[in-house]
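Report on the following structure.
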Amino acid sequence: MMTKQPLIEDLKARGLIAQMTDEAALVAHLNEQVVTLYCGFDPTADSLHLGHLVPLLMLKRFQDYGHRPIALVGGATGMIGDPSFKAQERQLNSTEVVQQWSEKLKQQISQFIRFDAGEDGAILANNYDWTAGVDVLSFLRDIGKHFTVNKMIAKESVRQRIEREDSGISFTEFTYQILQSYDFQVLNERFGCSLQIGGSDQWGNITSGIDLTRRMNGKQAHGLTLPLITKSDGTKFGKTEGGAVWLSPNKTSPYAFYQFWLQTPDADVYRFLKFFTFLDVAEVDEIEARDKAAEGRPEAQRILAEEVTRLVHGDQALEGARRITEALFLGDAQSLSETDFEQLQLDGLPATQLLNDLTEMPLTSLLVDAGVASNGKQVKDALQRQAVIINETECGMAQNMDTKSLFAAENARYGRFFLVKLGKKKHHLFYV
RNA sequence: GGUGGGGUUCCCGAGUGGCCAAAGGGAUCAGACUGUAAAUCUGACGCGCGAGCUUCGGUGGUUCGAAUCCACCUCCCACCA
């Protein structure tokens with residue numbers, strides 16, 4: 001890294017700080033030494049999603065400034081469920097499932113930070129290791145004694161659950177903040193970890209961990225939270241028609257991932273460039289200025305999509321995503337060669353093999369079965385507007401029952417490919 | 001334990017015997033305009049190509065006909081004890 005402004009200044013400029021404990025003390029602490037910091041990720045699914053990306057990149061930002069990150073997988077806390085700002089009690093997952101998910105998260109996290117032997121080499125930990133073996137009496141006497149229920153109840157993060165009588169909060173979830181606090185204390189003791197970061201919903205858990213660390217270890221620790229990522233139109237960030245955008249290529253293909261970013265509204269894109277990429281703030285401002293001056297289509301979305309896809313899926317996957325995008329949106333699909341088609345499939349364009357007998361198979365059902373649309377109504381709607389295109393041929397309602405002839409061999413590209421477009425953005429490859 | 005209010009389609013929320021697959025808003029999808037953006041306008045929005053099928057906390061009843069009436073059950077809310 002070249003000359004750059006101090007870490008906290010940079011984070012502020014990016015809008016990445018929601019709250020922090022005593023700023024002056026934290027800044028001084030970061031300037032004085034290599035700081036070991038941690039962020040926890042609970043296994044609530046078999047993959048991380050976009051919501052985890054900002055904290056994950058935050059760890060990397062700290063590492064880039066010479067600090068030592070600990071990525072903590074919540075094998076233990078994931079068994080309990082964090083009640084913070086959740087409206088309802090969570091469904092518990094079995095031990096095997098949580099452990100399995102923990103392993104997957106570990107692998108994902110590993111690709112973002114450096115695990116070399118240097119003093120800023122990252123550490124991967126699982127709180128299951130130090131929590132599973134604690135017996136009840138020790139837990140209550142050694143740890144629980146440091147918490148007053150009065151304070152625990154007062155936390156904003158659990159207040160609505162305590163005040164609302166229709167949901168309530170189980171003792172299990174109520175103890176979550178103790179477990180997380182214990183993590184901080186243990187990490188402080190074992191690795192000298194003195195800073196915890198997390199989403200702004202974690203503020204309560206973080207400060208209680210700081211308290212516990214001070215009580216049990218006599219050490220002063222710090223905390224910093226990141227803002228909740230919001231969209232300018234008020235809808236939830238990180239969701240698409242199909243649900244969450246995952247970091248695992250098996251759950252969200254690099255192509256879909258790339259497309260997600262490419263479709264970022266102008267009103268959010270520059271903010272997101274600061275949140276999700278390592279481009280300098282000045283660079284982002286420059287891009288913005290250039291786009292404003294240029295009139296017409298901005299460059300920002302493309303840059304954002306490329307940067308983030310590369311970060312999460314690597315150069316090769318990015319190339320694949322770009323190839324598909326170019327073929328489908330920029331070039332004309334007419335000119336694709338046979339190997340291009342094969343490549344599209346390899347690159348992750350959703351593809352489905354055609355059934356042998358398409359007699360009596362409505363186009364609506366075919367497309368729904370392939371996952372192009374979620375129900376027949378959507379296909380029907382598109383058909384009524386001539387918005388279904390099979391290899392350059394527009395289809396209307398009248399063709400709904402003509403699936404067999406639409407997908408007849410003589411209409412296939414190179415005798416086996418059908419590129420189906422539903423609406424402007426959904427593409428699907430069918431092959432014989 | 002008592003009294004009163006309530007559980008409606010993804011969410012919020014109307015509907016109190018037929019005109020209800022169920023107002024309105026949000027979310028979502030598609031079209032127009034654009035730049036694979038926003039805003040705006042249009043259409044779709046329980047499932048089904050269709051005939052048609054299945055919904056209004058649950059079960060059973062009254063009725064030609066029920067989300068709407070009755071009984072019981074269940075969950076929630078408010079107040080009282």
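We name chains A, B, ... by the order of the sequence lines, and we start the count at 1 in each one.
Rounding to whole angstrom units, CG of residue A/Asn400 and C1' of B/C49 are separated by 4 Å. One interatomic measurement links the two molecules: OH of A/Tyr255 to P of B/U36, which rounds to 13 Å at whole-angstrom precision. Nucleotide B/C49 holds its C1' atom 15 Å from the CG atom of A/Leu358, rounded to whole Å. Here B/U36 presents its P atom at 18 Å from CG of A/Asp268, a figure rounded to the nearest Å. Taking atom CD of residue A/Gln386 and atom P of nucleotide B/A32, one finds them 11 Å apart after rounding to whole Å. At whole-Å resolution of the value, CG in A/Leu304 and C1' in B/U36 are 14 Å apart. One atom, NZ of A/Lys421, and another, P of B/C29, lie 17 Å apart when rounded to the nearest Å. Taking atom CG of residue A/Leu383 and atom C1' of nucleotide B/G31, one finds them 13 Å apart after rounding to whole Å.
For the P atoms, the distance linking B/G26 with B/U74 amounts to 40 Å, nearest Å. With both ends at atom C1', the span from B/C80 to B/U28 equals 46 Å, rounded to whole Å. Straight-line distance between the P atoms of B/G15 and B/G57: roughly 15 Å, to the nearest whole Å. Straight-line distance between the P atoms of B/C33 and B/A23: roughly 31 Å, to the nearest whole Å. Taking the C1' atoms as reference points, B/U68 lies 10 Å from B/C56, given to the whole Å. Comparing the C1' positions of B/A22 and B/G13 gives an interatomic distance of 13 Å, to the nearest angstrom. On the C1' atoms, B/C77 is 24 Å away from B/C10, given to the nearest whole Å. When the C1' atom is compared between B/G46 and B/U55, the two are found 7 Å apart, to the nearest whole Å.
Within residues 341-352 of chain A, no residue is approached by RNA chain B to less than 4.0 Å at the level of any non-hydrogen atom. Residues of residues 362-372 of chain A that place a heavy atom closer than 4.0 Å to RNA chain B, in numerical order, are A/Pro362, A/Thr364, A/Ser365.
Nucleic acid contact class of A/Lys231 (heavy atoms, under 4.0 Å, all strands): none. Using a 4.0 Å heavy-atom criterion, one finds that A/Lys236 contacts no nucleic acid atom at all.
With no hydrogens or angles considered, no side-chain donor-acceptor pair links A/Asp211 and A/Ser208 at under 3.5 Å. Between the side chains of A/Tyr38 and A/Asp183, no donor N or O sits under 3.5 Å from an acceptor N or O. The closest side-chain donor-acceptor pair between A/Gln180 and A/Gln196 falls under 3.5 angstrom.
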Inset, instruction - Output, in order, the C-alpha distance, side-chain angles, deciding distance and verdict of side chain to side chain donor-acceptor pair (under 3.5 Å) for A/Ser84 and A/Asp201. - result: CA-CA 6 Å; A/Ser84 298; A/Asp201 58 336; 5.7 Å; no
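The 5' end of RNA chain B is approached more closely, in terms of each residue's nearest nucleotide, by A/Thr325 than by the other of A/Thr325 and A/Met397.
Here the CG-CZ distance, from A/Asp347 to A/Arg323, works out to 4.0 Å after rounding to the nearest 0.5 Å. Taken to the nearest 0.5 Å, the CG atom of A/Asn205 stands 7.5 Å off from the NZ atom of A/Lys155.
For A/Phe329, the ring pair (Phe, Tyr, Trp, His ring centres under 6.0 Å) partners are A/His427, not counting sequence neighbours. Not counting sequence neighbours, A/Tyr258 has no partner by the ring pair (Phe, Tyr, Trp, His ring centres under 6.0 Å) test. With sequence neighbours left out, A/Phe417 forms a ring pair (Phe, Tyr, Trp, His ring centres under 6.0 Å) with A/Phe341. Partners of A/Glu286 by side-chain contact (heavy atoms from CB on, under 4.5 Å), not counting sequence neighbours, listed by chain and number: A/Arg290. With sequence neighbours left out, the side chain to side chain donor-acceptor pair (under 3.5 Å) criterion links A/Lys292 to A/Glu288. Take A/His428 and apply the ring pair (Phe, Tyr, Trp, His ring centres under 6.0 Å) test, not counting sequence neighbours, and it matches A/Phe430.
Considering only side-chain N and O atoms, A/Lys426 lies nowhere under 4.0 angstrom from the phosphate OP1 or OP2 of B/C29. Dashed line: the shortest gap from a side-chain N or O of A/Lys380 to OP1 or OP2 of B/G50 is under 4.0 Å.
Residues in residues 11-20 of chain A take part in these side-chain hydrogen bond (donor to acceptor under 3.5 Å, both in side chains) pairs, two or more places apart or across chains: A/Asp10-A/Arg14, A/Lys12-A/Glu23, A/Gln19-A/Thr225. Sorted by first and then second residue, the side-chain hydrogen bond (donor to acceptor under 3.5 Å, both in side chains) pairs with a member in residues 402-414 of chain A read A/Thr359-A/Lys404; sequence neighbours excluded.
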Legend entry - Intra- and interstrand pairs of RNA chain B - dot-bracket, Watson-Crick/G-U under 3.5 Å, | marks other strand: (((((((..(((.....[.....))).(((((.......))))).((....))...(((((..]....)))))))))))).
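Proximity of the aromatic rings of A/Phe276 and A/Phe237 is defined here by a centroid distance below 6.0 angstrom, and this criterion is met.
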Inset, instruction - Summarise protein proximity over nucleotides 37-46 of chain B in one line of letters, 5' to 3': B for base, S for sugar-phosphate only, - for none, counting protein heavy atoms closer than 4.0 Å. - result: B----BBSS-
